[in-house]
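What follows is a set of notes on a single structure, which appears directly below.
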Amino acid sequence: MKILFFGTPKFAEIILDGLLEKGFDVVGVVCQNDKPAGRGNKIQTPHIVEFAKERNIAVCQFEKLSLHIDDFKKIDYDIAVTASYGKFLPKALLDLHPCINVHPSMLPKYRGATPIQTALLNGDNITGVSIMETGVGMDDGDIFVQKEVEILPEDDYSTLIEKLALVGLELLAQTLEKIGNGTAKKVPQDEKNATTVKLIQKEDALLDFSKSAESQVNKVRAFCEDPVAFFFLGDDRIKVYKARVAEDFEGEDGQVIPNKKRFLIKTSNGVFEILKCQMQGGKVLDAKSFLNGYRFKTLVVGV
RNA sequence: CGCGAGGUAGAGCAGCUCGGAAGCUCGCCGGGCUCAUAACCCGGAGGUCACAGGUUCAAAUCCUGUCCUCGCAA
């Protein structure tokens, strides 16, 4: 069975890697265009392009898929697999061959682009992965199979995406085999219980210590790769990569609790402890190193 | 040429404006105190001040170029 793979970011790459590992015949990878990004606005190529080329897999990058239906007609494939491709697939393309999607949530819960972050933000203990038909709507296709995955307190976006991708890979492999031998079954989603996640804005990552410590730790966990939770201390913008809820300390809400060894901030409910953070222009540091060199000009957290 | 910050002991920083013997907080090694400690006290090792030129009697500090790291914006 010849597979055409659609996907761009890390989640997609892990799945692609696994498919190849399992010996599936991936005839090509379709991903988003190169874009100017980062310092100096240099053109950035998606990492998966490099990955695919190293393995001699053809790569297509199209700005608008709907303009390239004829190109897809020329590609010899039996089924398309999508994983975090990032854009809707036009009906004309879906009509060419069957298409299935890997989605990191227990659909119909958390349809949309940010299911993993949303689960972490909400402090969920359970999430999951679903394999379903790719439709023209947003993550609303019939489901072949899904499986729950536990979210541990120490999980963050980095660890969870890895877990979900690996589980997704297994489910995907099973589903592809069933489709291959004609035993695949699918059931429609329960529209009544459908929820949609919202896109992440940069301002969502601003920490708010008038909220509970736990909720802000969840923010750190959800955004640890991007856009990274942050707050202001005077003029300094500090990004927080890792944090936890600490035992209680005396202190004023929204202020840093003076402590030589630990970076603690009192919230309205609980103490927020920073374990890994970064100043503008600086490296990512563990709290101890940060405190060794940082000179506090204020203990009051800005907004 | 999008805007900006920075490269100083193993780590994190100060010193640079106004050139003139390398400092702070940790870590490490040794010793002391303590029932005890992430506590405290004493002592010690460890640095071509990113690299290359230039100015100067003298450069971490001023000038020029190179390399590297990072923040913002998109």
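Just so it is clear: chains get the letters A, B, ... in the order the sequence lines come, proteins before strands, and each one is counted from 1. All heavy atoms count here, side chains included; hydrogens, waters and symmetry mates do not.
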Could you write out each protein N or O paired with an N or O of nucleotides 37-39 of chain B at a distance under 3.5 Å?
{"unit_1": "A38(B)", "atom_1": "O2'", "unit_2": "Lys261(A)", "atom_2": "NZ", "d": "3.2"}

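- Projected onto RNA chain B by closest heavy-atom contact, Lys239(A) and Leu291(A) fall at different nucleotides, the more 5' of which corresponds to Leu291(A).
- Under the 4.0 Å criterion applied to side-chain N and carboxylate O atoms, Arg221(A) and Glu154(A) are not assigned as salt-bridge partners.
- In this structure, Asp76(A) pairs ionically with Lys2(A), as a charged nitrogen and a carboxylate oxygen lie closer than 4.0 Å.
- Under a hydrophobic-cluster definition in which Ile, Leu, Val, Met, Phe, Trp and Tyr are linked whenever side-chain heavy atoms come within less than 4.5 Å, directly or via other members, Leu4(A) and Leu172(A) are assigned to different clusters.
- At the phosphate of C70(B), neither OP1 nor OP2 sits under 4.0 Å from any side-chain N or O atom of Gln280(A).
- Between Asp286(A) and Lys242(A), none of the side-chain N atoms (NZ, or NE/NH1/NH2) sits under 4.0 Å from a carboxylate O, so this pair counts as no salt bridge.
- Taking Glu273(A) as the reference, Arg244(A), Arg262(A) meet the salt bridge (charged side-chain N to carboxylate O under 4.0 Å, His left out) condition, with sequence neighbours excluded.
- For A73(B), the OP1/OP2 oxygens have a side-chain nitrogen or oxygen of Lys202(A) closer than 4.0 Å.
- Rounded to whole Å, the distance from CE on Met279(A) to P on G4(B) is 18 Å.
- A salt bridge is absent between Asp204(A) and Lys219(A); no separation between the charged side-chain nitrogens and carboxylate oxygens falls under 4.0 Å.
- By the ring-ring contact (aromatic ring centres under 6.0 Å, His included) test, Tyr85(A) pairs with Phe6(A), sequence neighbours left out.
- If you check residues 38-47 of chain A against RNA chain B, the residues with a heavy atom closer than 4.0 Å are Gly38(A), Arg39(A), Gly40(A), Asn41(A), listed by number.
- Ring geometry for Tyr294(A) versus Phe290(A): interplanar angle under 30°, hence parallel rather than tilted (30 to 60°).
- The residues Lys297(A) and Asp235(A) are annotated as not salt-bridged, no charged nitrogen and carboxylate oxygen being separated by less than 4.0 angstrom.
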Using a 3.5 Å cut-off and no angle test, enumerate the donor-acceptor pairs between side-chain atoms of residues 63-72 of chain A and protein atoms at least two apart in sequence or in another chain.
{"unit_1": "Glu63(A)", "atom_1": "OE1", "unit_2": "Asn33(A)", "atom_2": "ND2", "d": "2.9"}
{"unit_1": "His68(A)", "atom_1": "ND1", "unit_2": "Asp71(A)", "atom_2": "OD2", "d": "2.8"}

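- At a threshold of 4.0 angstrom between heavy atoms, the contacts of Lys35(A) with the nucleic acid are absent.
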When you check every protein heavy atom under 4.0 Å of nucleotides 6-11 of chain B, what one-letter string (B, S, -) results, 5' to 3'? -----S
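- Within the 4.5 Å cutoff, the side chain of Val301(A) has heavy atoms near those of the Ile265(A) side chain.
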